[in-house]
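Comments concern the structure below.
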Amino acid sequence: MSAATDGVARVFTWEEGARIEVRNLGGEIVIEANDAGLKTLAGHLLTLAQDGTPDGAHLHLEANNGLEEGSVGLVLERCDDE
């Protein structure tokens, strides 16, 4: 999967067999993943951390779009403002 923000293209890759589930338990969010899913999330975060990636660049993950059925949506976003 690739995304472009402010004309900067970033490629987000998925490990084979990745399984990621995100649950909202009210006072906390649980991200549950197998080894491939954890490697996938780590890769997504490293992609957003690359030099030249603009503030506000983000990736939406949802059920049937990277997350397990029944998951709540998850947005990974770069924010360089303090």
Side-chain angles (χ1 to χ4, degrees):
M1 169 187 326
S2 64
T5 303
D6 291 342
V8 177
R10 294 288 180 247
V11 177
F12 296 91
T13 59
W14 289 85
E15 296 280 326
E16 186 174 337
R19 188 190 65 73
I20 305 166
E21 182 177 349
V22 180
R23 296 186 309 251
N24 182 346
L25 301 182
E28 61 188 7
I29 302 297
V30 175
I31 299 174
E32 179 180 287
N34 63 4
D35 62 333
L38 291 171
K39 290 175 185 173
T40 295
L41 285 172
H44 292 349
L45 293 171
L46 288 170
T47 297
L48 287 169
Q50 289 177 357
D51 290 341
T53 300
D55 186 52
H58 62 279
L59 176 65
H60 288 263
L61 302 175
E62 301 167 342
N64 297 320
N65 182 27
L67 301 180
E68 294 293 302
E69 183 66 36
S71 291
V72 296
L74 177 66
V75 178
L76 304 175
E77 182 174 356
R78 180 177 180 139
C79 179
D80 294 322
D81 294 337
E82 294 182 19

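- Counting all heavy atoms, side chain and backbone alike, S71 lies closest to I20 at OG-O, 4.0 Å.
- Rounding to the nearest 0.5 Å places NE2 of H44 at 4.0 Å from CH2 of W14.
- Here L74 contributes atom CG and H58 contributes atom NE2; the two are 12.0 Å apart, rounded to the nearest 0.5 Å.
- Considering every non-hydrogen atom in both E69 and A63, the closest pair reads CA-CB, 4.2 Å.
- Between T47 and V11, the closest side-chain pair of non-hydrogen atoms is not below 4.5 Å.
- Nearest heavy-atom pair across R10 and T53 is NE-OG1, 2.6 Å.
- Of the possible donor and acceptor atoms, one in the side chain of R78 sits under 3.5 Å from a partner among the backbone N and O of Q50.
- For the side-chain contact (heavy atoms from CB on, under 4.5 Å) criterion with L61, the lone passing option out of V72, V75, L41 is L41.
- From T13, atom OG1 reaches atom CD of E15 across 6.5 Å, with rounding to the nearest 0.5 Å.
- To the nearest 0.5 Å, atom CG of residue L59 and atom CD of residue E77 are 11.0 Å apart.
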Kindly list each side-chain donor-acceptor pair under 3.5 angstrom involving residues 21-31, sequence neighbours excluded, with atom names and distances?
| residue | atom | partner | partner atom | Å |
| --- | --- | --- | --- | --- |
| R23 | NH1 | E32 | OE1 | 3.3 |
| N24 | OD1 | G26 | N | 2.8 |

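- Note that CZ of F12 and OG1 of T40 are 12.5 Å apart. Values are rounded to the nearest 0.5 Å.
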